[in-house]
Protein chains: 2
Amino acid sequence: MVASRGVRHDSMRARNLAVVLGAIHRSGPHTRAALAELTGLTKTTVSSLVSDLLEVGAVTESGAVRGGERGRPGTAVSLSGHRVATLGLEINIDYLAACVVDLTREVRLRRILRAGNRNSDPAEILQSLRDLVKETTAEAEQAGLRIIGAALAVPGTVEGGVLRSAPHLGWRDVRVADLVDLPFAIDNEANLAALGELWFGSRETDFLYVSGEIGIGAGLVVGGTVFRGTFGLAGELGHVVVVPDGPACRCGGRGCLEVYAGQDALLGELPAVTSLVARLESGDRRALEACRRAGHALGVALTSAVHLLDPGRIVLGGIYAPLFPWLEGPVSEGLDGRLGHMRGTPPALVVSAIGADAAVLGAAGLVIQQVIAEPAQLLGLQDAG
Amino acid sequence: MVASRGVRHDSMRARNLAVVLGAIHRSGPHTRAALAELTGLTKTTVSSLVSDLLEVGAVTESGAVRGGERGRPGTAVSLSGHRVATLGLEINIDYLAACVVDLTREVRLRRILRAGNRNSDPAEILQSLRDLVKETTAEAEQAGLRIIGAALAVPGTVEGGVLRSAPHLGWRDVRVADLVDLPFAIDNEANLAALGELWFGSRETDFLYVSGEIGIGAGLVVGGTVFRGTFGLAGELGHVVVVPDGPACRCGGRGCLEVYAGQDALLGELPAVTSLVARLESGDRRALEACRRAGHALGVALTSAVHLLDPGRIVLGGIYAPLFPWLEGPVSEGLDGRLGHMRGTPPALVVSAIGADAAVLGAAGLVIQQVIAEPAQLLGLQDAG
DNA sequence: TCTCTTTAGTCCATAATCTGTACATAATCC
DNA sequence: GGATTATGTACAGATTATGGACTAAAGAGA
């Protein structure tokens, strides 16, 4: 364990920059006076910090704001979307994606490259991704944006910055480095989709995001932060045991949730979710039954998840989002019935507020979270002023 | 959400006090020079901080220490057990317990008050506890110890400082305040037992502590900190679903782990664990079978827990500790077989290194953790020096 | 035994940063 | 238009850390 370092004058200022930027980020534009009130710092200090933030383009002054009824109006200081931006990336089974998001969490650019990545060669795919990055950043720079960091979402487990295993890609222990020449992070698709939901969807700060894809992942967000477990492998909802002696799962276990509610179990021979939805809408018996069974299994697995993880609410995303009308009943029936009187009310079950690009957006958002938390470091303010 | 406050000079010093004290705590006695090296602060600053810590009795200077081969030896600064102490408390089904632990985590005092607390009157029990506290603190003060905080372990769920529900005590929504006139915390028995294991047992920093009592709780420790979930209700391992349509559980659900591996299921008519152990040792058929079944169920539930929580290892405590020789086989069989190839190796399954007083000790230890993390506040250093 | 070298810890002037009071500015109220 | 109220800046003062000089204490070598 690394000893934590002492605090010096410059880290005090770095921290205060983060506090001020964080307050602006959390509760909209504020005048300097309001920021002083919020942070407990003096107006003088806030002024000085804000002027540093203005200089690097992290915030802008927008028009005058009347605080109370009388007195001089202040000038509102708000996050600036004009200069600082981050890059979100995603490798998925059938596409590569990139997006650029500015500091206000406005999506400035999206790129999708359809491709069959199932059982592919990592080197090849990473080269395509590198090209995509080059294109995207070039375009962002032309729009006057300075990209200060990137994050990558992958459909697999990540440990210490290395992609440990992505079964559907057929990858194992791939070190994804030198993708960009910037601060860089890599994380699981479900974790980043959860963060996408947090920042680009419902904006709730406490929930379990359930990502229905070929595999079933989950990202737990507590107080606006993802819980990752000891090795970064937490949230593998797909392999929670539903039936102890059920059918074998590809993971080596038996009766895992994935066997009952994974994409393959739900779709069967169907080519895509849209076709399943069509059948459900037309009242197809087998489709309805498949959904009911999946929903039941999901309810059982989520009961265990609620007892262990204690999420604020449950958000169904991925392919579960379009299927929500048919899943909601069986799932919440299972949950409500099983949770019993252990807790006040069971967590609410809701559908994800954003679509398939949750993970890329979450990746870009993760970097923004880091900038807000440590502006000095990422914006190069350490020796400015 | 409360805005985080700005950092001022006094908080900088408070932080540095914590950094220095933390370094001494984490890696044994150090000279001032070594502390400067470790923390990145200058020798001057460290000297000044250490002198403050000496003044309040948090640390002591012990003899000379030769650093390299030559040069003046330094004086080692180590945690002092002579003045500062904390109070751990526990309400359990059949006893009240208290302990006093000094800053070096030496146990200085223990008190146990046997009592039948099952379906009891909270007011009455709390009065007994208050008396116990008075006695214990008086004795500690006679030994020259200054008690600076207390924490209480309860066999139930705690939300926002209130005991929400303790089914075996028959308590609901009990506000435990004014127990002591000190900084005070209250937490679940399993969480605190986990912390007890961390500080007084194996000293590993990442594990899931499984507390087998009448109910089955679990406390997840990641990086030396308990994971509590959104409402502080995480870790309810006892109600993880083992058999979706199994027998009804008192919680209202069906097929929960507790039904198969709770104390009542294991002991049956037997009065205590010791009698079960005796039967197991003599090869009693029914006892062995009960253990095998409980172990199997535990293996299933832990498989789900590992996938969701990603613990570093699994520690069996409570009544599972004496039963470990008979549980280990079935549990790890279930775990190893089910976890499959999702992760490198399954987490190690070990027995708790401490006994029934894990929770009280953990409670006292929790306060010590807080002192180490914020010495200025708890030791009254804010305006000293 | 004396001196040199090395390391520990303290002293003091300096630097960085925040605080607090004073003040200029800008709006509303009467 | 003057009083009142609030915003934002300027400047002196307070707090805390830094850095180099200095004292202290040990071993190494002559």
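For the numbers below, each heavy atom of this structure counts, side chains included, while hydrogens, waters and symmetry mates do not. All values reported here derive from a predicted model rather than from experimental measurement. Proteins get letters first, then strands, A, B, ... in listed order; numbering begins at 1 in each.
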Inset, instruction - Classify the side chain of B:His9 versus the base of D:dT15 as yes if they form a donor-acceptor pair under 3.5 Å and no if they do not. - result: yes
Inset, instruction - Could you check how far CG of B:Leu17 sits from C1' of D:dA17, rounded to whole Å? - result: 13 Å
Inset, instruction - Answer whether the closest heavy-atom distance between the side chains of A:Leu198 and A:Phe207 falls below 4.5 Å. - result: yes
Legend entry - A:Lys43 vs A:Ala64, nearer the 5' end of DNA chain C by closest nucleotide: A:Lys43
Legend entry - Separation of D:dG8 P from A:Glu37 CD (nearest whole Å): 13 Å
Inset, instruction - Could you tell me the separation between the CG atom of A:Leu103 and the CG atom of A:Leu79, rounded to the nearest 0.5 Å? - result: 5.0 Å
Legend entry - Integer-rounded Å distance: D:dT18 C1' and B:Leu49 CG: 13 Å
Legend entry - Check: B:Arg72 side chain, C:dT7 base, donor-acceptor under 3.5 Å: no
Legend entry - Of A:Arg32 and A:Val7, the one whose closest DNA chain D nucleotide lies more 5': A:Arg32
Legend entry - Gap between atoms CG and P, on A:Leu38 and D:dT7 respectively (whole Å): 12 Å
Legend entry - Candidates C:dG20, D:dT9, D:dT5 - which lies nearest the side chain of B:Arg8: C:dG20
Legend entry - Separation of D:dT7 P from A:His30 NE2 (nearest whole Å): 13 Å
Legend entry - First encountered from the 5' end of DNA chain C, between B:Gly71 and B:Thr75: B:Gly71
Inset, instruction - Taking only the side-chain nitrogens and oxygens of B:Asn16, find out if one of them lies under 4.0 Å from OP1 or OP2 of D:dT16. - result: no
Legend entry - Presence of donor-acceptor pair under 3.5 Å, side chain of B:Thr44 and base of C:dC12: no
Inset, instruction - Compare all side-chain heavy atoms of B:Glu141 with those of B:Leu145 and state whether any distance is below 4.5 angstrom. - result: no
Inset, instruction - Whole angstrom is fine here: how far is it from CG in A:Asp52 over to P in D:dT9? - result: 13 Å
Legend entry - Below 4.0 Å: OP1/OP2 of C:dC18 and any side-chain N or O of A:Arg13: yes
Inset, instruction - Answer with base, sugar-phosphate or nothing: what part of the nucleic acid does B:Ser48 contact at a heavy-atom distance below 4.0 Å? - result: nothing
Inset, instruction - Tell me, yes or no, whether the heavy-atom count around A:Glu159 atom CD, taken from other residues, nucleotides or ligands under 6.0 Å, exceeds 12. - result: yes
Legend entry - Rounded distance (Å) that lies between atom P of D:dT9 and atom CD of A:Glu61: 8 Å
Inset, instruction - Identify whether any heavy atom of A:Thr45 sits under 4.0 Å from a base atom; if not, whether one sits that close to sugar-phosphate; answer base, sugar-phosphate or nothing. - result: base
Legend entry - Nearest-nucleotide pick for A:Met12, side chain only, options being D:dT16, C:dT17, D:dG19: C:dT17
Legend entry - Short side-chain N/O contact to D:dG19 OP1/OP2 from B:Thr42, under 4.0 Å: no
Inset, instruction - Could you grab the distance from atom OG of B:Ser11 to atom CE of A:Met12, nearest 0.5 Å is fine? - result: 8.0 Å
